[in-house]
Amino acid sequence: LFSSDLEEYYGYATFFNVTGWDENGTLLKESSEFNFCIDGTLKDASSNKEGVCAFNISSLKPGKHSIISYNIRTNEIVSNSIYIKEPVCKLSIEKTADPSKVFVGDIIKWTITVFNNGPCDAHEVMATDKLQSAFEFVSYNASKGDYDPLSGKWNISYLANGENATLDIYCIALKEGSFTNEANVS
């Protein structure tokens, strides 16, 4: 018999633990051999002195995964499923202008920084900064990813936990007035 400690994991989980008993209900302790098949890939493992067998699941992507456990000693096969949820990363964004006051024809540099405040790595990160008609795009410099000045989309793609990325956008001021330029991240 096998019992798993959890059936639901979040993307930052690293181990899946399984406890085994023999046909008499005796805990299978140290060095009991188990075979596991995760999504069709065979994994070998041995139990510890508490009868718990742990194997690494950190490489599994979010979604449902099939785990088939086989106890060599008892010839028992048990099917389990685990569901790994997509972790929610806390992303934030800051934007500055240099200089903060410009005249028509002056060049202004917008600096946008996106922060991944954890608790996980962020995938498919997209920031948006659509320039107003009061500014003419000149160029950009991104520490990660690509920026499309027509759509205003900055495709950062991936940010590790604790990592940040910076985008500098250079423009020429075309009109007089007070303008607010916002940036967003998702």
Side-chain angles (χ1 to χ4, degrees), residues 4-17 38-41 43 54-67 80-186:
S4 59
D5 65 345
L6 288 174
E7 292 183 2
E8 195 169 83
Y9 291 85
Y10 292 88
Y12 47 83
T14 55
F15 290 94
F16 176 77
N17 297 326
I38 304 174
D39 295 335
T41 302
K43 307 279 184 186
F55 54 93
N56 193 319
I57 63 167
S58 62
S59 64
L60 296 180
K61 297 197 182 310
K64 187 175 181 179
H65 298 275
S66 167
I67 297 180
N80 292 319
S81 291
I82 60 170
Y83 186 81
I84 298 177
K85 290 185 174 181
E86 183 75 46
V88 177
C89 299
K90 294 177 184 171
L91 300 175
S92 61
I93 191 166
E94 289 181 3
K95 183 172 183 179
T96 60
D98 182 30
S100 58
K101 263 189 173 179
V102 293
F103 297 97
V104 173
D106 286 353
I107 292 181
I108 185 169
K109 177 176 88 168
W110 302 100
T111 299
I112 299 112
T113 306
V114 174
F115 301 90
N116 180 354
N117 302 304
C120 55
D121 296 343
H123 301 271
E124 300 178 20
V125 178
M126 181 73 71
T128 305
D129 184 19
K130 180 98 168 120
L131 298 175
Q132 299 172 344
S133 61
F135 303 99
E136 178 184 334
F137 174 80
V138 175
S139 66
Y140 80 90
N141 183 29
S143 65
K144 287 189 92 164
D146 294 307
Y147 175 72
D148 179 2
L150 296 176
S151 67
K153 294 185 184 218
W154 175 25
N155 183 4
I156 301 167
S157 186
Y158 172 83
L159 274 180
N161 183 2
E163 185 180 14
N164 65 59
T166 302
L167 170 68
D168 292 325
I169 303 172
Y170 299 90
C171 304
I172 297 173
L174 300 176
K175 297 179 183 177
E176 291 182 23
S178 180
F179 301 96
T180 302
N181 188 332
E182 291 184 8
N184 300 295
V185 65
S186 60

Next item on the list: Would you give the length of the straight line joining atom CG of Asn155 to atom CD of Glu124, rounded to the nearest 0.5 angstrom?
Entry: 9.0 Å
Next item on the list: Please report the closest heavy-atom contact between Ile108 and Pro99, naming both atoms and the distance.
Entry: CD1-O, 3.6 Å
Checklist line | Contact summary for Ser151 and Thr128, nearest pair of heavy atoms | finding: O-CG2, 4.5 Å
Next item on the list: Hey, could you give me the CG/CD distance between Asn116 and Glu163, rounded to the nearest 0.5 Å?
Entry: 8.0 Å
Margin query: If I compare all heavy atoms of Cys89 with all of Pro119, which pair ends up nearest, and what's the gap?
Written below: CA-CD, 4.3 Å
Checklist line | Gap separating the CG atom of Asp168 from the CD1 atom of Ile112, nearest 0.5 angstrom | finding: 8.0 Å
Next item on the list: Hey, could you give me the CG/NZ distance between Asp129 and Lys153, rounded to the nearest 0.5 Å?
Entry: 13.0 Å
Next item on the list: Show the numbers, then the answer: is there a ring pair (Phe, Tyr, Trp, His ring centres under 6.0 Å) between Trp154 and Tyr140?
Entry: CA-CA 11 Å; Trp154 175 25; Tyr140 80 90; 8.9 Å; no
Margin query: Among Thr113, Val114, Ile156, exactly one meets side-chain contact (heavy atoms from CB on, under 4.5 Å) together with Asn164. Which residue is that?
Written below: Thr113
Next item on the list: Using a 4.5 Å cut-off on heavy atoms from C-beta on, say whether the side chain of Leu159 contacts that of Phe115.
Entry: no
Note to self: Please evaluate residues Val138 and Ile172 with respect to the criterion side chain to side chain contact (heavy atoms under 4.5 Å, CB included), reporting the C-alpha separation (whole Å), side-chain torsions for both, the decisive distance (0.1 Å), and the verdict.
What the structure shows: CA-CA 7 Å; Val138 175; Ile172 297 173; 3.6 Å; yes
Check: For Asn117 and Ser92, which heavy atoms make the closest approach, and how far apart are they?
Finding: ND2-OG, 3.0 Å
Check: Atom CG in Leu131, atom CD1 in Ile169: separation rounded to 0.5 Å?
Finding: 5.5 Å
Next item on the list: Please work out whether the ring planes of Trp110 and Phe135 are parallel, tilted or perpendicular, with thresholds of 30° and 60°.
Entry: perpendicular
Checklist line | Separation of Lys144 NZ from Thr166 OG1 (nearest 0.5 Å) | finding: 11.0 Å
Item checked: Asp121 side-chain N/O to Asn161 backbone N/O, donor-acceptor pair under 3.5 Å -> yes
Margin query: Would the distance check show the side chain of Lys130 and the main-chain N or O of Leu150 forming a donor-acceptor pair, the cut-off being under 3.5 Å?
Written below: yes
Next item on the list: Of all the heavy-atom pairs spanning Ala122 and Leu91, show the shortest one and how long it is.
Entry: CB-CD2, 4.0 Å
Item checked: Taking every non-hydrogen atom, the tightest pair across Phe103 and Ala173 -> O-CB, 3.6 Å
Check: Do side-chain atoms of Asp98 reach the backbone of Lys109 as a donor and acceptor pair under 3.5 angstrom?
Finding: no
Item checked: Heavy-atom neighbours of Lys95 NZ exceed 12 at 6.0 Å -> yes
